[in-house]
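Naming convention: chains lettered A, B, ... in sequence-line order (proteins, then strands); numbering from 1 in each chain.
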Protein chains: 2
Amino acid sequence: MSGTAADKLADDLARAIIEGVFPPGARLDEQQLAQRYAVSRTPVREALRQLATTGLIEVRPRRGAIVTQVTPAQLEELFVAMAELEATCARLAALSMAPTERRRLQDLHETMGEMAAANDVAGFTDANQALHTLIYAGAHNVVLADWAAATRRRLSPFRRAQFRVEGRLPKSHSEHDAVVRAILQADAHAAHAAMLHHVTRVERSFEELCAESAASASA
Amino acid sequence: MSGTAADKLADDLARAIIEGVFPPGARLDEQQLAQRYAVSRTPVREALRQLATTGLIEVRPRRGAIVTQVTPAQLEELFVAMAELEATCARLAALSMAPTERRRLQDLHETMGEMAAANDVAGFTDANQALHTLIYAGAHNVVLADWAAATRRRLSPFRRAQFRVEGRLPKSHSEHDAVVRAILQADAHAAHAAMLHHVTRVERSFEELCAESAASASA
DNA sequence: GAATCGTGAATTGCATGCAAGATTTCACTT
DNA sequence: AAGTGAAATCTTGCATGCAATTCACGATTC
């Protein structure tokens with residue numbers, strides 16, 4: 001075993017929370033978690049502390065830990081932060097990507113074009129993640145890349161269904177096209193604007209999904 | 001007592017590390033810390049886990065915790081991330097600051113002009129912090145503001161001596177002037193550019209200080 | 001009948017104890 | 001004398017136990 005039990009626990013719990021096993025507001029009982037994962041309360045407590053600093057949960061002193069409830073307003077702020085951060089990465093990538101990186105970006109983008117044409121949702125989703133990660137890396141700044149990856153993970157539960165919206169794949173690809181072209185041309189300002197536009201569209205798509213499901217739920 | 005011992009410990013340790021009590025690379029022995037703060041190892045461990053997730057220290061499984069060593073390259077990346085983040089906040093602030101906020105920004109900026117003229121280094125340093133915090137808040141995005149504040153704190157040890165450089169106060173104030181004016185005029189692009197310029201200048205000022213002290217050390 | 005106070009249970013916070021892995025030291029070999 | 005090996009020691013990781021605080025429920029009073 002490489003990591004400690006607390007680390008593994010923090011990982012598992014984070015995934016479980018992101019996947020919705022523990023819904024927002026749910027109480028995280030130390031003893032229950034200890035039993036569930038067959039460890040004592042000590043590593044559980046350490047894992048909870050770690051998750052608390054990431055903002056995934058809240059530990060009220062002497063009052064236990066609960067999964068953080070993100071209000072719609074906070075979610076909006078997270079999306080805005082994500083968009084700004086990705087746009088910044090795109091801007092820096094346009095300025096400082098190496099030729100090899102640019103070629104790989106172009107290759108992946110073209111592959112995704114074929115996937116979009118074939119309506120390969122699963123493949124496109126994976127490749128999409130890879131594309132964005134490639135751009136984070138292209139900014140050549142570990143601090144920004146780490147934060148972008150963390151924020152993306154944090155938002156993932158709210159974006160999962162996004163590509164299932166009818167016709168989103170080709171639209172997403174054409175938005176990517178503007179981003180990729182700007183980066184390849186080293187046009188920092190255009191890369192920033194195109195990425196901001198793209199991520200904002202993703203956000204709007206998500207909001208429409210929410211409105212839809214809310215409407216169908218009340219119907 | 002409001003918080004738990006672990007929280008207080010995490011706070012104290014963070015401050016101590018930032019202040020240089022524990023230099024980068026220093027080993028953080030659980031027992032020693034427990035004795036030093038008159039608690040048992042358990043809260044110490046919890047505090048260390050918290051600090052580890054903030055990046056201030058590193059805990060190698062089964063091999064103890066050490067204060068994170070920032071290489072010059074990483075420091076450079078931190079400065080770049082800070083600059084981009086502040087520029088983003090300035091851009092958003094230009095777009096979404098309320099009239100009250102804009103007036104407060106202008107007032108503070110004018111006060112700082114007087115301080116710069118009087119060469120009041122201490123006052124200017126404090127006001128500088130307040131000015132930047134005002135701009136973070138003006139972005140109306142808690143996520144970005146939190147991250148900006150955290151990064152700023154993280155960099156604070158490397159920037160402390162910055163205003164002692166001869167003639168930096170008026171220069172800093174004139175750079176602020178471009179930022180504040182752009183924000184007040186709701187010119188998002190100019191605000192972004194001006195803030196990027198300002199923070200980059202701060203960074204260069206720091207690098208010169210480094211070079212200077214390195215030169216005097218080897219002389 | 002509602003509100004408040006008190007008591008009990010339950011849960012968190014911290015200390016301690018023990019086991020497993022890592023580091024150091026010392027002896028032995030080459 | 002230097003390098004390798006193993007044993008001793010030290011440190012971390014985890015389990016358990018106890019004290020303190022909080023929450024819930026019920027009794028009592030207005």
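Residue A:Arg204 qualifies as open at atom CZ: its count of foreign heavy atoms under 6.0 Å is 12 or below. Enclosure of atom CD in A:Glu76 by more than 12 non-hydrogen atoms of other residues, nucleotides or ligands within 6.0 angstrom is indicated.
Summary of the strand contacts: B:Arg27 and A:Ala6 both lie near DNA chain D, and taking for each the nucleotide with the nearest heavy atom, the more 5' one is attributed to B:Arg27.
Residues from residues 33-45 of chain B with heavy atoms under 4.0 angstrom of DNA chain D, sorted by number: B:Arg41, B:Arg45.
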Between B:Arg154 and B:Met82, is the side-chain contact (heavy atoms from CB on, under 4.5 Å) condition met? List the steps.
CA-CA 10 Å; B:Arg154 184 102 194 269; B:Met82 177 91 253; over 6 Å; no
Walk me through it: do B:Gln74 and B:Gln69 pass the test side-chain contact (heavy atoms from CB on, under 4.5 Å)?
CA-CA 9 Å; B:Gln74 286 174 324; B:Gln69 315 208 32; over 6 Å; no
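Formation of a donor-acceptor pair under 3.5 Å by the B:Glu77 side chain with backbone atoms of A:Val142 is found in this model.
The CD atom of A:Glu30 sits 15 Å away from the P atom of D:dT22 (whole-angstrom rounding). We find that CD1 of B:Ile57 is positioned 11 Å from P of D:dT12, with the value rounded to whole Å.
A:Asp12 has a carboxylate O that lies under 4.0 Å from a charged side-chain N of A:Arg15, or vice versa, which qualifies the two as a salt bridge. A salt bridge does not link A:Arg63 with A:Glu58: every distance from a Lys NZ or Arg NE/NH1/NH2 to an Asp or Glu carboxylate oxygen is 4.0 Å or more. Salt-bridge check for A:Arg91 with A:Glu84: failed, with every basic side-chain N at 4.0 Å or more from each acidic carboxylate O.
Contacts between chain B and DNA chain C, taken as any atom within less than 4.0 angstrom of a protein heavy atom, begin and end at C:dG13 to C:dT23.
If you check every strand for non-hydrogen atoms under 4.0 Å, B:Arg49 touches nothing. Within 4.0 Å of A:Arg62, counting heavy atoms only, lies at least one base atom of the nucleic acid.
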